[in-house]
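All residue numbers in this chain count up from 1 along the given sequence. If you're wondering where the values come from, they're calculated on a predicted model, not measured in any experiment. The basis for the numbers below is simple: all heavy atoms, side chains too, and nothing from hydrogens, waters or symmetry mates. Counting starts at 1 for both ligands and their atoms, following the listed order.
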Amino acid sequence: MRKTNIPAIQTIFLGGIARLLPILLCCVLAASAQAPAPDSPQIEAKAHALLAKLTLEQKIELLGGVDSMFTHAVPTIDLPRFKMSDGPLGVRTWGPTTAYAGGAALAATWDPALARKVGEGLGHDARARGVHVLLGPGVNIARSPLAGRNFEYFSEDPFLNAAMVVPYIEGVQSQGVIATVKHFALNNQEYNRHNASSDVDERTMREIYLPAFEAAVTRAHVDAVMNSYNLINGVHATQNAFLNLKVLKGEWGFKGILMSDWDATYDGVAAANNGLDLEMPSSRFMNATVLLAAVKDGSVKESTLDDKVLRLLRTEMRYGFLDRPQFDPADSPYSVPDRAIALDGARESITLLKNDGHLLPLDSSKIKTIAVIGPNAYPAVTGGGGSSYAHAFEPVSILTGIANFVGPNVHVLYSRGLPEFTDVIQRTHWENGVKVDVYPSTDFTGTPETYTEPRIEAGNPGRRHSGGEVTRSIRYTASYKADKAGRYVLVATCPTWSHEAFTLIVDGKPLPAPPRAEGQAPQSAILDLNAGQTIEVSVEYLPDSPTARLSVGIAYEPDLISEDVRKIAADADVVVVAAGFDEPTEGEGFDRTFELPWGQAALIDAVTAANPHTIVTLTGGGGMETRSWLGKVPALLHAYYPGQEGGTAVAEVLFGKRNPEGKLPVSFDRSWNENPSAPYYYPIKGADTSLHVTEVGKPPVDYVIPHVKYDDKLMVGYRYWTTTGKHPLFPFGFGLSYTTFNFSNLQVPASAQSGSTVTVSFSVTNTGNVAGAEVAQLYVSDPSATVKRPERELKGFEKVRLDPGETKHVTLTLDARAFSYWDELAHKWTIENGKFVIRVGDSSENTPIHADLTLN
Ligand code: BGC
């Protein structure tokens with residue numbers, strides 16, 4: 001607990017004891033009401049007493065949010081409103097804040113104790129802003145590298161997710177702040193997230209997609225859960241009886257508040273009857289018009305509404321929200337201790353994927369000049385885009401981290417390497433301008449209004465169409481003449497945080513793009529053109545705002561590389577290329593590309609041609625395309641989204657102040673096509689159904705529901721790779737170190753009683769010359785199973801810090817769940833007695849020690 005800075009406050013205010021008193025009182029009250037109290041008869045009685053004072057209208061009002069981030073107040077019972085803030089990377093809604101390593105990065109630390117500290121830090125940050133409810137963590141499974149929010153979530157593995165999320169939640173809630181685990185459930189892509197149905201069998205759901213939620217509820221006792229936007233097996237999450245009533249509130253005994261995602265409610269009566277307690281951000285559906293009538297006609301029972309109100313009241317009382325201020329002056333919005341936690345997150349997560357010839361760590365005494373190149377070098381890329389983006393006070397970029405680290409004796413050269421997107425648009429010369437056809441429909445029908453513009457640029461055509469309903473479709477047509485022979489890059493982007501969509505068409509052929517709805521990731525394509533060749537580019541654009549916000553440009557690829565790049569790369573002793581994704585290219589509301597954003601692969605090629613001593617650092621939520629250049633690069637680091645201290649951590653790892661210890665939380669594919677979810681990731685054609693939604697006061701809307709079939713079933717990530725015997729580029733759990741480790745002395749009982757706890761132990765030795773940390777990973781295989789099971793599954797791990805030559809003995813316990821599968825016929829966890837194999841090692845593919853165990 002960090003409530004120790006009260007004396008400092010006293011010193012500051014010594015002269016004015018009277019002014020100090022309220023602050024001290026706050027601190028005392030705050031400090032005495034930290035972690036939530038257990039359920040008690042007193043709280044139960046008080047909650048019922050308050051409920052008894054509410055009219056039906058007042059109860060209904062409590063079931064919807066207000067002002068975007070608050071619950072409703074009820075002045076007649078002295079119930080204040082409660083304040084929320086987005087997470088999970090920082091308490092981001094109320095101004096600048098500490099930006100922590102994102103979920104994928106945190107998972108790469110494999111350090112539950114650090115997750116606890118991050119949770120506590122978030123709790124402090126929330127209290128410093130009077131926030132009662134943090135809208136995080138997110139624990140959806142990283143099924144595919146394209147999913148726009150993987151960086152917020154943790155990993156591809158349910159065990160790792162559960163192991164990290166439990167201490168994270170405990171940390172937040174220990175500070176008197178409600179954590180919200182989200183998005184329940186099956187939000188594994190951003191594609192059409194309001195309408196798409198994740199169609200999945202129960203076994204896959206139970207074994208892969210639900211365990212982290214289950215752990216959040218049953219082990220961490222999370223007090224809020226957020227339903228996802230999507231449908232599950234044809235039913236929206238907010239009205240999904242199976243998930244909300246049977247599993248969450250029934251089997252797992254969830255006692256807290258089940259809230260909707262923002263505008264994820266579609267039917268007031270169905271949501272009320274199927275478990276939703278709180279509609280956010282306002283009661284569009286669970287409102288008085290709908291629910292008063294429903295109570296009257298008996299389609300919703302008043303006791304059902306009472307249960308929701310009681311959940312709100314009880315939870316708020318257990319946290320003491322009715323008795324103490326949530327704002328805690330002992331916590332500072334700008335927190336030095338939290339900066340240290342953010343730094344640890346970045347340090348522990350950075351994963352060294354390649355280090356040929358021991359290029360790393362660099363010796364700063366031998367380096368005179370270092371070049372730092374790339375769009376992700378500066379400014380700092382702390383997180384991906386969307387509701388999780390935390391504006392840090394002073395984020396440290398990779399450029400500044402390196403410059404600060406090496407100090408004045410090493411010359412630091414810098415180039416962004418590539419132009420800004422807007423420069424490409426400005427420099428594009430379309431022959432005879434761009435013909436713009438604006439159709440009075442959303443499907444390019446009707447008589448267009450036609451005019452000419454010099455560029456396809458955000459803002460241009462929309463000037464003529466501001467205001468009013470958006471019912472247009474716009475087609476741009478333009479010719480482009482290639483001066484030189486070679487590769488050209490066609491680039492396009494429109495706001496990802498919107499429902500805009502576009503299709504790029506070259507010489508009459510649409511360019512391949514993943515299906516999209518809601519936001520659309522920036523898109524680029526390489527065109528091989530001859531000197532003098534003219535192509536016709538047309539763009540079909542569906543704006544959702546009165547002002548057109550799409551920009552499209554084209555450039556000769558070698559011209560993208562800044563002129564100074566080759567020179568500074570050649571002049572330097574060593575080069576760091578900071579590549580990867582960022583807020584506009586990876587985030588909420590759209591799925592990203594597997595390929596790096598435009599120009600980056602060409603930039604790496606140009607740099608490596610000028611200087612072979614090139615290290616690439618990646619930013620992103622998971623795997624991405626590296627194959628085309630990886631052979632030319634001796635060293636590769638993955639930094640995920642490292643939060644505000646990423647630059648410092650990258651520098652420390654590059655120069656060996658920190659030995660890298662991150663381990664991949666996902667399998668890193670060579671190509672998107674080889675990802676096991678690729679054949680099933682987007683909806684099956686022709687499998688659409690429709691949904692009729694009626695909102696009071698509005699015309700009914702028919703939604704088309706695309707069905708995404710999870711036919712990869714249990715074969716997510718390493719489960720697929722190890723079962724098929726094929727190998728990804730880098731396996732789940734993999735990460736290099738500047739030292740080496742050895743595993744030995746595995747002790748597993750020859751047999752044990754089925755259902756009992758099994759204790760396994762082994763030794764880990766640092767066999768190299770520097771101190772380091774290894775993550776010992778324990779995988780269980782069930783070779784005698786008669787049902788199909790993944791070849792191995794992670795069931796235990798421990799991070800071990802070792803000095804050179806040091807050995808530690810690690811003991812892990814395996815409970816019944818470690819050996820179980822979900823029996824679809826019996827609808828329960830089942831152990832099939834017989835032979836199991838326990839494997840221990842440093843990745844899902846390298847498990848040098850193993851032993852058999854028979855359960856009977
Ligand atoms: C996101 C949630 C977020 C909410 C409030 C939604 O768009 O999906 O994760 O908590 O907005 O900002």
Side-chain angles (χ1 to χ4, degrees), residues 64-71 82-95 97 100 102-104 122 125-126 129 131-142 147-154 165 168-169 172 177-196 198 212-213 216 222-232 236-238 256-266 276-284 383-391 495-499 517-519 544 583 586-591 621 641:
V66 64
D67 292 344
S68 171
M69 282 282 164
F70 291 87
T71 59
F82 299 107
K83 186 175 180 183
M84 305 187 178
S85 169
D86 257 315
L89 280 65
V91 179
R92 58 92 60 186
T93 305
W94 307 100
T97 191
Y100 299 90
L122 287 159
D125 296 340
R129 292 161 178 81
V131 165
H132 301 85
V133 182
L134 179 75
L135 302 174
V139 294
N140 298 85
I141 289 285
R149 300 184 82 171
N150 282 345
F151 73 93
E152 290 184 54
Y153 304 153
F154 289 91
V165 81
Y168 179 115
I169 290 169
V172 173
V177 176
I178 296 177
T180 309
V181 70
K182 65 189 189 183
H183 302 93
F184 189 60
L186 279 297
N187 167 227
N188 309 104
Q189 61 196 107
E190 290 301 283
Y191 165 78
N192 210 354
R193 61 183 174 155
H194 283 268
N195 302 328
S198 301
F213 290 102
V222 72
D223 279 301
V225 174
M226 186 191 290
N227 270 143
S228 54
Y229 285 115
N230 52 283
L231 301 87
I232 299 92
H236 268 116
T238 43
I257 306 160
L258 177 60
M259 71 175 83
S260 71
D261 201 339
W262 271 229
D263 288 316
T265 309
Y266 304 86
L276 189 70
D277 301 316
L278 179 63
E279 178 180 0
M280 292 302 294
S282 63
S283 35
R284 276 176 63 191
S387 64
S388 69
Y389 189 81
H391 289 269
T496 48
W497 191 241
S498 74
H499 289 253
E518 301 203 14
D544 83 344
E583 205 194 337
E586 179 168 23
E588 179 179 343
F590 63 100
D591 291 330
Y641 286 100

Problem set entry | Residue Ser387 vicinity, atoms of ligand 1 by number, heavy atom under 4.0 Å | 1 (C), 2 (C), 3 (C), 9 (O), 12 (O)

Problem set entry | Close approach, Met69 and ligand 1, non-hydrogen under 4.0 angstrom | yes

For this session: Show which atoms of ligand 1 fall inside a sub-4.0 Å distance from at least one heavy-atom site of His183.
Result: 2 (C), 8 (O), 9 (O)

For this session: Specify whether His194 and His499 have parallel, tilted or perpendicular ring planes, treating 30° as the upper limit for parallel and 60° as the lower limit for perpendicular.
Result: tilted

For this session: With heavy atoms under 4.0 Å as the rule, classify the contact between Met259 and ligand 1 as side chain, backbone, both or neither.
Result: neither

Problem set entry | Set of residues satisfying ring-ring contact (aromatic ring centres under 6.0 Å, His included) with respect to Tyr168, sequence neighbours excluded | none

For this session: Please identify which atoms of ligand 1 are closer than 4.0 Å to at least one heavy atom of Leu135.
Result: 10 (O)

For this session: Report yes or no: does Asp591 contribute a side-chain atom to a donor-acceptor pair with the main-chain N or O of Tyr191 at less than 3.5 Å?
Result: yes

Exercise. Under 4.0 angstrom from ligand 1, any heavy atom of Glu152?
Worked result: no

For this session: For ligand 1, note which part of Met226 has a heavy atom under 4.0 Å away: side chain, backbone, both or neither.
Result: side chain

Problem set entry | Least distance between heavy atoms, Gly383 atom then Tyr641 atom | C-CD2, 3.3 Å

Exercise. Do Leu186 and Asn230 have side chains that get closer than 4.5 Å, going by heavy atoms?
Worked result: yes

Problem set entry | Asn188-Tyr153 side chain donor-acceptor pair, cut-off 3.5 Å | no

Problem set entry | Salt bridge Lys182-Asp261, side-chain N to carboxylate O under 4.0 Å | no

Exercise. Would you find a donor on one side and an acceptor on the other, under 3.5 Å apart, between the side chain of Trp262 and the backbone of Ser68?
Worked result: yes

Problem set entry | Where ligand 1 meets Arg149 - atom numbers and elements under 4.0 angstrom, heavy-atom basis | 1 (C), 2 (C), 8 (O), 9 (O)

Seminar exercise, completed: A student checking ligand 1 against Lys182 at a 4.0 Å heavy-atom cut-off should list atoms 2 (C), 3 (C), 9 (O), 10 (O)

Problem set entry | ligand 1 to Trp262 polar contact by distance, N or O atoms, under 3.5 Å | no

For this session: Determine, using heavy atoms of Glu588 and all atoms of ligand 1, whether some pair is separated by less than 4.0 Å.
Result: yes

Seminar exercise, completed: atom 11 (O) of ligand 1: closest protein heavy atom, distance to 0.1 Å, is Asp261 OD1, 3.6 Å

Exercise. Is there a side-chain contact between Tyr229 and Asn187, using heavy atoms and a 4.5 Å cut-off?
Worked result: no

Seminar exercise, completed: Checking heavy-atom distances from atom 12 (O) of ligand 1 to each of Thr93, Leu134, Asn187, Asp86, the winner is Asp86

